[in-house]
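Atom set for the values below is all heavy atoms of this structure, side chains included, hydrogens, waters and symmetry mates excluded. Keep in mind it's a predicted model, so treat the numbers as computed, not measured. So you know, we letter chains A, B, ... as the sequences are listed, proteins then strands, and number each from 1.
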Number of protein chains: 2
Amino acid sequence: MAGFRMTKQRRVVLEEVQKAHSHPTAGQVYELVRRRMPRISLATVYRSLEALAEQGMLRKLEMGGTQRRFDGDLYVHQHVRCVLCGRVENVEVELPPQVAVPEQKRGFEVTGCTIEYLGVCPECQADGQ
Amino acid sequence: MAGFRMTKQRRVVLEEVQKAHSHPTAGQVYELVRRRMPRISLATVYRSLEALAEQGMLRKLEMGGTQRRFDGDLYVHQHVRCVLCGRVENVEVELPPQVAVPEQKRGFEVTGCTIEYLGVCPECQADGQ
DNA sequence: TTGATTGCAAACTATTTGCAGAAAG
DNA sequence: CTTTCTGCAAATAGTTTGCAATCAA
């Protein structure tokens with residue numbers, strides 16, 4: 001449970017998530033990393049993403065949609081997700097305190113608050129026409 | 001694509017989601033429905049939930065976590081999700097207009113906004129001690 | 001050295017699909 | 001009747017796990 005080791009694989013996974021300014025899924029990270037390390041396994045990518053998120057070096061996005069996504073940008077922000085293609089982009093939202101501040105709700109000890117906007121991204125708007 | 005038929009199976013699925021004041025997953029709905037219709041198949045439950053959501057008779061929750069959840073309560077509200085057990089409860093949140101109102105964001109045509117609180121539910125708090 | 005990590009393959013979980021027969025309208 | 005729906009079984013998609021070999025500290 002203790003010693004986290006920064007292996008070559010984990011370093012590459014981290015770098016790729018950071019420079020992908022998209023919010024890649026594990027599969028997408030795998031494809032990116034594979035260009036530099038063809039022999040890495042998908043399982044290692046999953047385990048690396050998990051371990052890096054646990055270290056707080058990247059963020060695992062807790063949002064709707066089927067697949068999990070990862071974000072190398074640790075600055076606090078919210079997201080818009082395209083309901084058609086699943087693409088996720090950052091948005092700056094002024095969160096008024098009565099929304100943002102974690103508090104007791106229904107007996108839950110609240111630790112976080114996520115705002116997710118849903119919509120149609122520019123590309124899908126174009127495709128739709 | 002057109003004619004929706006209210007079959008016996010769909011009626012039971014709808015009733016069970018409505019009276020379960022939890023926010024059941026497809027598997028949970030299957031278990032509930034099976035008590036009244038032992039021969040129903042899981043595939044039918046999935047297809048019924050999908051069809052009923054498409055009719056607007058229940059709501060498919062777009063939120064974090066592994067499994068999809070369904071909500072028979074059509075009144076607008078937000079949710080708290082337990083990060084340990086996945087349980088979801090309703091919360092009333094006053095959404096200030098600058099947060100709630102769909103608008104253009106990053107070129108997206110925004111159609112909705114979800115707020116999800118994350119935390120630890122009372123039961124898991126007790127277990128943790 | 002020694003516990004943590006990797007690659008591989010197999011296992012799992014949640015969900016979807018093809019199809020022939022059954023039922024709704 | 002005709003079209004939609006159901007049950008079953010098989011197929012997918014995404015993610016996780018067991019294990020022996022390998023590597024970081």
Side-chain angles (χ1 to χ4, degrees), chain A residues 1-17 22-55 57-58 60-70 81 83 85-88, chain B residues 1-17 22-55 57-58 60-70 81 83 85-88:
Chain A
M1 184 142 267
F4 170 87
R5 293 181 183 178
M6 182 51 93
T7 61
K8 199 174 176 190
Q9 288 82 339
R10 290 179 175 178
R11 196 184 321 282
V12 176
V13 166
L14 179 56
E15 286 171 9
E16 291 300 325
V17 173
S22 57
H23 300 70
T25 61
Q28 292 169 334
V29 175
Y30 177 54
E31 288 308 324
L32 291 168
V33 170
R34 214 138 71 117
R35 296 186 198 152
R36 296 168 57 185
M37 300 186 105
R39 306 202 42 82
I40 196 173
S41 81
L42 180 55
T44 298
V45 171
Y46 272 100
R47 284 185 283 221
S48 298
L49 289 168
E50 200 60 44
L52 291 164
E54 201 169 319
Q55 296 304 309
M57 304 175 88
L58 52 76
K60 176 157 55 159
L61 300 188
E62 289 287 355
M63 49 190 323
T66 339
Q67 306 168 79
R68 223 152 271 167
R69 289 174 175 272
F70 295 84
R81 173 163 56 91
V83 292
C85 70
R87 174 200 312 275
V88 174
Chain B
M1 181 144 272
F4 170 88
R5 292 181 183 176
M6 181 53 92
T7 60
K8 196 173 177 188
Q9 286 84 336
R10 291 180 175 177
R11 194 182 324 280
V12 175
V13 166
L14 179 56
E15 286 171 8
E16 290 301 323
V17 174
S22 59
H23 299 68
T25 61
Q28 292 169 334
V29 174
Y30 177 53
E31 288 309 324
L32 291 168
V33 170
R34 214 138 72 115
R35 296 186 199 152
R36 296 170 55 186
M37 298 185 104
R39 306 202 43 81
I40 196 171
S41 81
L42 181 54
T44 297
V45 171
Y46 271 100
R47 284 186 283 223
S48 298
L49 289 167
E50 200 59 46
L52 290 163
E54 201 170 321
Q55 296 304 308
M57 303 175 88
L58 51 78
K60 176 158 52 161
L61 300 188
E62 288 287 355
M63 49 188 325
T66 339
Q67 307 166 78
R68 224 152 269 166
R69 288 176 176 272
F70 295 84
R81 173 162 58 89
V83 293
C85 69
R87 174 201 312 274
V88 174

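A heavy atom lying under 4.0 Å from DNA chain C marks the following residues of residues 23-40 of chain A, by number: A:R39, A:I40. Within residues 9-16 of chain B, the residues approaching DNA chain D are B:Q9, B:R10, by heavy-atom distance under 4.0 Å.
Residue A:R34 holds its CZ atom at 8.5 Å from CG of A:L42, rounded to the nearest 0.5 Å. In this structure, A:M63 CE and A:H23 NE2 are separated by 8.0 Å, a value rounded to the nearest 0.5 Å. Considering NZ of A:K60 and CD of A:E50, their distance stands at 3.5 Å, rounded to 0.5 Å.
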Donor-acceptor list for residues 4-12 of chain A side chains, cut-off 3.5 Å, not counting sequence neighbours:
| residue | atom | partner | partner atom | Å |
| --- | --- | --- | --- | --- |
| A:T7 | OG1 | A:R10 | N | 3.2 |
| A:R10 | NH1 | A:R5 | O | 3.1 |

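Side-chain atoms of A:Q28 come within 3.5 Å of backbone N or O of A:T25 as a donor-acceptor pair. Formation of a donor-acceptor pair under 3.5 Å by the A:R69 side chain with backbone atoms of A:L61 is not found in this model.
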Legend entry - Bracket string, DNA chain C, 5' to 3' - pairs by Watson-Crick or G-U geometry under 3.5 Å, | interstrand: |||||||||||||||||||||||||

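In terms of heavy-atom proximity, A:F70 sits nearest to A:L58 at CD2-CD1, 3.8 Å. When every heavy atom of A:V45 is checked against every heavy atom of A:A26, the shortest pair comes out as CG1-O, 3.9 Å. Contact detail for B:V13 and B:S48: the closest heavy-atom pair is CG2-CB, 4.0 Å.
If you check C:dG18, D:dG18, D:dT15 against the side chain of A:L42, the one that comes closest is D:dT15.
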Within the sub-3.5 Å range, which N or O atoms of nucleotides 11-14 of chain C have a protein N or O partner, and how far apart are they?
| residue | atom | partner | partner atom | Å |
| --- | --- | --- | --- | --- |
| C:dA14 | OP1 | B:Q67 | OE1 | 3.3 |
| C:dA14 | OP1 | B:Q67 | NE2 | 3.4 |

Protein N or O to nucleotides 21-25 of chain D N or O, pairs below 3.5 Å:
| residue | atom | partner | partner atom | Å |
| --- | --- | --- | --- | --- |
| D:dA24 | N3 | A:R5 | NH1 | 3.0 |

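Whole-Å rounding puts the B:R47 CZ to C:dA24 P distance at 16 Å.
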